[in-house]
Amino acid sequence: MIEVILNTLIKTQIPTDFFARDCSEVAKALLGKVIRVNYRMTILSVQIIETEAYYVNEKASHASLGYTKKRRALFMPPGTIYMYYSRAGDSLNVSCLGDGNAVLIKSGIVYQDRYSGHDAIAIMQQLNPPRNGIGHREVKKLCSGQTLLCRSLGLTVPAWDARQFNKNFFISDVDYVPDKISCTPRLGIPCGRDEHLLLRFVDHSHYQYATPSRWKIK
DNA sequence: CCGACGATAGTT
DNA sequence: ACTATCGTCGGT
């Protein structure tokens, strides 16, 4: 049953060479694409609405800290999943063209189409309950943050870091093109005393569900 | 072993 | 502006 759906759905997967270009291009092109996760035989779907491009030579990037086993995925072929844990949550990245360059998936919105499991939303809410444990998160805000998105999809470092996308976790092209993309050159990720320029891309029509910009632009 | 520190998220 | 939260890293 689910296998049949997965076999059909996998045909919509973006090709690996999608990631074999400049990470800013990849970050922009990922907006509107849909993350698919087979979570215990239910397909969870989230449309990407916000990304950030991280270059190896930016001191704000993990790759700039150099190669370690932990960060090896950043130096693996384009399309390799890099996950890390920080601030009590997992984050999802994908390596791009050039050693150390990658894109961070920053936020998304729950996506429903004929492939999404009918109980997908209930499962995502269960995976990502409110901090105080009372009630449930608003569906629209389930994935409005890099760690919230991973939580809602059950994506973790041990399960996916340094792995390739496969039939249980991949990104679909849903033939959607953002009307308008905000590219926010963002100053202010603190790294010691320095400030660094980051490229943040947001699908403007879903701006309200992107992460609030906490860093001031000078 | 221990303390500091996040590519955060939510509350005051 | 403040802080819960926890894996990673670097210093003893």
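Labels below follow one simple rule: chain letters A, B, ... track the order of the sequence lines, proteins then strands, and each chain is numbered from 1.
- Of all the heavy atoms in A/I48 and A/L30, the pair that sits closest is CB-O, 3.5 Å.
- B/dT11 atom C1' lies 14 Å from atom CD1 of A/I134, rounded to whole Å.
- A stem is defined here as three or more consecutive Watson-Crick or G-U pairs, each with both distances under 3.5 Å; for DNA chain B these stems are B:1-6 with C:6-11, B:8-11 with C:1-4.
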A/T211 and A/E50: CA distance, side-chain angles, deciding distance, side chain to side chain donor-acceptor pair (under 3.5 Å) verdict:
CA-CA 8 Å; A/T211 60; A/E50 181 184 8; 2.9 Å; yes
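- Within residues 135-161 of chain A, the residues that have a heavy atom under 4.0 Å from DNA chain B are, in order of number, A/R137, A/G145, A/Q146, A/T147, A/L148.
- Only A/Y84, A/S86, A/R87, A/N93, listed by number, bring a heavy atom of residues 79-97 of chain A to less than 4.0 angstrom from any atom of DNA chain B.
- B/dT8 atom C1' lies 14 Å from atom CZ of A/R200, rounded to whole Å.
- A tilted orientation is assigned to the rings of A/Y207 and A/H204, their planes being inclined by 30° to 60°.
- Other residues sharing the hydrophobic cluster of A/V34, ordered by chain and number and joined by side-chain separations under 4.5 Å: A/Y111, A/V174, A/Y176.
- Evaluation of the side-chain contact (heavy atoms from CB on, under 4.5 Å) rule for A/D22 yields A/S24, A/E25, A/Y55 as partners, not counting sequence neighbours.
- Judged by distance alone, the side chain of A/N101 and the main-chain N or O of A/V56 form a donor-acceptor pair under 3.5 Å.
- Side-chain contact, A/S91 with A/T147: no donor N or O sits under 3.5 Å from an acceptor N or O.
- A salt bridge between A/R36 and A/D113 is present, with a side-chain N of the basic residue lying under 4.0 Å from a carboxylate O of the acidic one.
- A/F19 does not carry A/R21 over the face of its six-membered ring by the limits of under 6.0 Å from the centre and within 45° of the normal.
- For B/dA7, the OP1/OP2 oxygens have no side-chain nitrogen or oxygen of A/K106 closer than 4.0 Å.
- Every residue two or more places apart in sequence or in another chain was checked for a side chain to side chain donor-acceptor pair (under 3.5 Å) with A/S144, and none qualifies.
- One can place NE2 of A/H62 at 8 Å from C1' of B/dG6, the figure rounded to the nearest angstrom.
- At whole-Å resolution of the value, CG in A/N132 and C1' in B/dT12 are 15 Å apart.
- One atom, CG of A/N101, and another, P of B/dA7, lie 17 Å apart when rounded to the nearest Å.
- Between A/H62 and A/Y84, the gap from one ring centroid to the other is short of 6.0 Å.
- Spacing between atom CZ of A/R71 and atom P of B/dA7 amounts to 10 Å, rounded to whole angstrom units.
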